[in-house]
Visitor: 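My questions will all concern the structure given below.
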Amino acid sequence: KTKIVEFAEKNQWGTAKITYRLRDWLISRQRYWGCPIPVIHCPKCGIVPVPHADLPVILPEDVELTGRGASPLAQKDSWVNISCPKCGSAAKRETDTMDTFIDSSWYFLRFADARNDQEIGDRNSINNWLPVDQYVGGVEHAILHLLYSRFVTKVLRDRGLLDFNEPFTRLLTQGMVQGLTYMNPNKSGKDKWVPSALVDPKDPKDPKTGEPLQALFATMSKSKGNGVSPVEAIAKYGADTLRMFALFKAPPEKDLEWEDADVEGQQRFLNRVWRLVSSFAEIKQSGISDKIDRNLRRAIHIAIKEISEDFDGGYQLNTAISELMKLSNALQDTEDKSSATFQEGIETLLTLLAPFAPHIAEELWSLIGHIESIHSQSWLTYDPDALTVDEITLVIQINGKVRGSLQVPSSASNDKQALEEYARSSSAAKRYLEGKEIKKVIAVPQKLVNFVVG
Ligand SMILES: [Zn+2]
């Protein structure tokens, strides 16, 4: 396609163009539940708009919904019959209501000024808050709803009511949850699906025939009987665990497979965090030293940097949770759990965890002595200095000639024996010392190790 367009443009007989297959949209519905169409039908004047002073048209609440005939409103004579606002003759209200797609095409404008009872919203407020920075929705809305929203936005813009051209700046279409599904390969049609509730996962058999079943993952649906009840799952694992699971299992735009083992994995992680922070809360009572642990501090600020970037970029929240796990492990492995850096680490872990597991983070935040909610804390910024590795370059010499170098922790830079051990493990030393007799080793603190060989 690209090549055809290039060819057409090169030969000047055509250009690329987007064609929208727009068709007329019938917006009236024979439903009770919908926005009233503010119109009165008069036998003399024809179609007359409801006067401004009489807006909004309020739907009657005592309507009988029978599911038969025309719009339920048409059966409500006391509401339908009205005098014409123009000539006063007996007239009738419009009884169809608007398609819900009408409302969903502009509801986001309303959020900017939701209490305004005169208009959609104050245009300054709307122009101030919109367009929407990040829209999250199912891919099933990618065509109609999003196109209608753009359409309505552009109409309002052309009428001078909005300053922006597009309603949404970024779109994220989230994936769906797939459930463990059992299928009897010997059956066909809808009969082949066996509800998960009737199957023993360790020995999947058709409860009717005893035939072995195939297990697969498929989009949850009633006909397949492979759904998971969110209410039951929350009761069993807690809402925080389920949030962590759903965010960790796959990037947000991908489908994710519901697997109990992975849900339990997140529950174990949150339990580890719980124990880590609880034991710190006890340590804290006997006092925190002002010691700085440079290695731990580096792990802390790497986590802040990585997780902030995961939020700012493509919402790679699964990798953000991996970073939380790394920080939690680094804290767990730290020997001195009463240092100022350890406290910084615990508070950072909770602050970064808060968007993912808001309830547990809040509870633990208060457990370590904070009065104000963790959710009103500022997001953290990383300290670039903390990210630098504390290392020196150790030069390797053989008989006074430079043969290589390696990075060693600066903490070892004054320890001659440690420097010699690092030097012996270097690839340069291994290469040049093989089969040779080392007569003498000269280690110069902060700088070099020289091997004298025969
Ligand atoms: Zn009239």
Side-chain angles (χ1 to χ4, degrees), residues 18 20 100-116 120-157 161-178 219 230 239-240 242-256 266 303-324 348 350-359 361-362 373-382:
I18 295 171
Y20 292 100
T100 50
F101 268 118
I102 292 281
D103 318 314
S104 63
S105 300
W106 64 272
Y107 74 93
F108 43 88
L109 303 176
R110 183 72 184 165
F111 290 155
D113 190 16
R115 290 186 182 84
N116 194 320
I120 285 179
D122 174 62
R123 54 167 298 172
N124 290 327
S125 300
I126 293 177
N127 286 326
N128 178 37
W129 283 99
L130 283 106
V132 175
D133 297 302
Q134 176 66 59
Y135 204 76
V136 180
V139 72
E140 70 275 15
H141 293 305
I143 305 166
L144 293 181
H145 163 58
L146 293 174
L147 198 56
Y148 292 155
S149 299
R150 297 183 65 200
F151 194 67
V152 167
T153 300
K154 285 167 194 294
V155 168
L156 294 173
R157 176 205 61 192
L161 299 168
L162 303 177
D163 287 353
F164 47 92
N165 296 321
E166 294 286 351
F168 315 121
T169 318
R170 291 209 301 183
L171 172 68
L172 173 76
T173 55
Q174 84 274 22
M176 286 199 278
V177 183
Q178 300 192 324
T219 303
D240 282 349
L242 294 191
R243 289 169 63 103
M244 295 282 288
F245 159 73
L247 295 171
F248 183 63
K249 181 72 181 174
E253 71 280 6
K254 294 269 164 59
D255 286 347
L256 67 91
Q266 289 303 317
I304 298 173
K305 178 172 184 283
E306 295 294 326
I307 293 173
S308 302
E309 286 172 1
D310 287 333
F311 271 113
D312 286 343
Y315 295 106
Q316 296 308 297
L317 303 178
N318 51 328
T319 63
I321 291 177
S322 304
E323 293 296 330
L324 287 171
T348 301
L350 291 179
T351 310
L352 298 176
L353 180 69
F356 301 92
H359 308 92
E362 181 79 318
S373 167
I374 193 168
H375 302 298
S376 55
Q377 304 303 309
S378 302
W379 190 247
L380 301 167
T381 47
Y382 70 92

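For clarity, every value in this text was computed on a predicted model and none was experimentally measured.
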Visitor: What's the spacing between Thr351 OG1 and His375 NE2 if we round to 0.5 Å?
Guide: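 Thr351 OG1 to His375 NE2: 10.0 Å, rounded to 0.5 Å.
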Visitor: Please report the shortest heavy-atom distance between Pro167 and Pro131, naming the atom on each side.
Guide: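 Taking Pro167 first and Pro131 second, the nearest heavy atoms are O-CB, 3.3 Å.
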Visitor: Quick one, Tyr315 and Pro251 - any side-chain contact, counting heavy atoms below 4.5 Å?
Guide: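 The answer is no, as the side chains (C-beta and beyond) never meet within the 4.5 Å cut-off.
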Visitor: Using a 4.5 Å cut-off on heavy atoms from C-beta on, say whether the side chain of Lys249 contacts that of Val177.
Guide: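 A side-chain contact under 4.5 Å is absent here.
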Visitor: Taking the side chain as every heavy atom from C-beta outward, state whether Gln134 and Leu172 have any pair of such atoms under 4.5 Å apart.
Guide: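 In contact.
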Visitor: Return the minimal non-hydrogen interatomic distance between Leu380 and Ile304, and the atom names on each side.
Guide: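 Nearest pair, atom of Leu380 first, then Ile304: O-CG2, 3.6 Å.
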Visitor: Using the test ring-ring contact (aromatic ring centres under 6.0 Å, His included), find all partners of Phe164 that sit at least two apart in sequence or belong to another chain.
Guide: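 None.
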Visitor: For the side chain of Asn127 and the backbone of Asp163, is there at least one donor-acceptor N/O pair under 3.5 Å apart?
Guide: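 A pair under 3.5 Å: yes.
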Visitor: Atom CG of Leu130 and atom CG of Leu162: how far apart are they, to the nearest 0.5 Å?
Guide: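 That separation rounds to 8.0 Å.
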Visitor: Which heavy atom in Ser104 sits nearest to a heavy atom in Ser149, and how many Å separate them?
Guide: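 That closest heavy-atom pairing would be O-OG, 3.8 Å.
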Visitor: What are the two closest heavy atoms between Arg157 and Asn165, and how far apart are they?
Guide: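 Taking Arg157 first and Asn165 second, the nearest heavy atoms are CD-OD1, 2.9 Å.
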Visitor: About how many Å separate OG1 of Thr173 and CD of Glu253, when rounded to the nearest 0.5 Å?
Guide: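 Here the rounded value is 7.5 Å.
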Visitor: For the residue pair Ala361 and Ala354, what are the closest heavy atoms and their distance?
Guide: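 What the structure gives for the nearest pair is CB-CA, 3.6 Å.
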Visitor: Are any side-chain N or O atoms of Arg110 and backbone N or O atoms of Ile120, one a donor and one an acceptor, separated by less than 3.5 Å?
Guide: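 Judged by distance alone, yes, a pair lies under 3.5 Å.
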Visitor: If we only count heavy atoms from C-beta on, is the Ser308 to Trp379 side-chain gap below 4.5 Å?
Guide: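 Ser308 vs Trp379: side chains touch.
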Visitor: Taking Asp240's backbone N and O only, do any of them form a donor-acceptor pair with His359's side chain (distance below 3.5 Å, no angle check)?
Guide: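 No: the side chain of His359 does not pair with the backbone of Asp240.
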Visitor: Do the side chain of Arg243 and the main chain of Pro355 share a donor and acceptor less than 3.5 angstrom apart?
Guide: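 It does hold such a pair.
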Visitor: Are Glu166 and Thr153 packed together at the side-chain level, in the sense that at least one heavy-atom pair is separated by less than 4.5 angstrom?
Guide: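 Answer no - side chains too far apart.
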Visitor: Just say parallel, tilted or perpendicular for the rings of Phe168 and His145, cut-offs at 30° and 60°.
Guide: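 Phe168 vs His145 ring planes: tilted.
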Visitor: Below 4.5 Å, heavy atoms only, C-beta onward: do Leu352 and Glu323 meet side chain to side chain?
Guide: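 No. Closest side-chain heavy atoms not under 4.5 Å.
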Visitor: Would you call Met244 and Leu242 a side-chain contact if the rule is heavy atoms closer than 4.5 Å?
Guide: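 A side-chain contact is absent here, since even the closest heavy-atom pair is not under 4.5 Å.
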Visitor: Working to the nearest 0.5 Å, report the span between OG of Ser322 and CD1 of Ile307.
Guide: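 Interatomic distance, Ser322 OG to Ile307 CD1, rounded to 0.5 Å: 9.5 Å.
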Visitor: Would Trp129 and Asp113 count as a side-chain contact (heavy atoms from CB on, under 4.5 Å) here? Give the steps.
Guide: CA-CA 10 Å; Trp129 283 99; Asp113 190 16; over 6 Å; no
Visitor: Quick one: are Tyr135 and Leu146 in side-chain contact, heavy atoms under 4.5 Å?
Guide: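 The answer is yes, as the side chains (C-beta and beyond) meet within the 4.5 Å cut-off.
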Visitor: For the residue pair Tyr148 and Phe101, categorise the inter-ring angle as parallel (less than 30°), tilted (30 to 60°) or perpendicular (more than 60°).
Guide: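 Tyr148 vs Phe101 ring planes: perpendicular.
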Visitor: Taking only residues two or more places apart in sequence or in another chain, which ones pass side chain to side chain contact (heavy atoms under 4.5 Å, CB included) with Thr219?
Guide: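 Expected list: Met176, Gln178.
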Visitor: So, for Phe356 and Phe311, is the gap between ring centers shorter than 6.0 Å?
Guide: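 Ring centroids of Phe356 and Phe311 are less than 6.0 Å from each other.
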Visitor: To the nearest 0.5 angstrom, please state how far the CG atom of Leu324 sits from the CG atom of Leu350.
Guide: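 That separation rounds to 10.0 Å.
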Visitor: From Ile321 CD1 over to Leu353 CG, what is the distance, rounded to the nearest 0.5 angstrom?
Guide: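 If I round to the nearest 0.5 Å, the distance is 8.5 Å.
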Visitor: Does either side chain, that of Glu362 or that of Ser373, offer a donor lying less than 3.5 Å from an acceptor on the other one?
Guide: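 There is such a pair (donor and acceptor under 3.5 Å, judged by atom type) between the side chains of Glu362 and Ser373.
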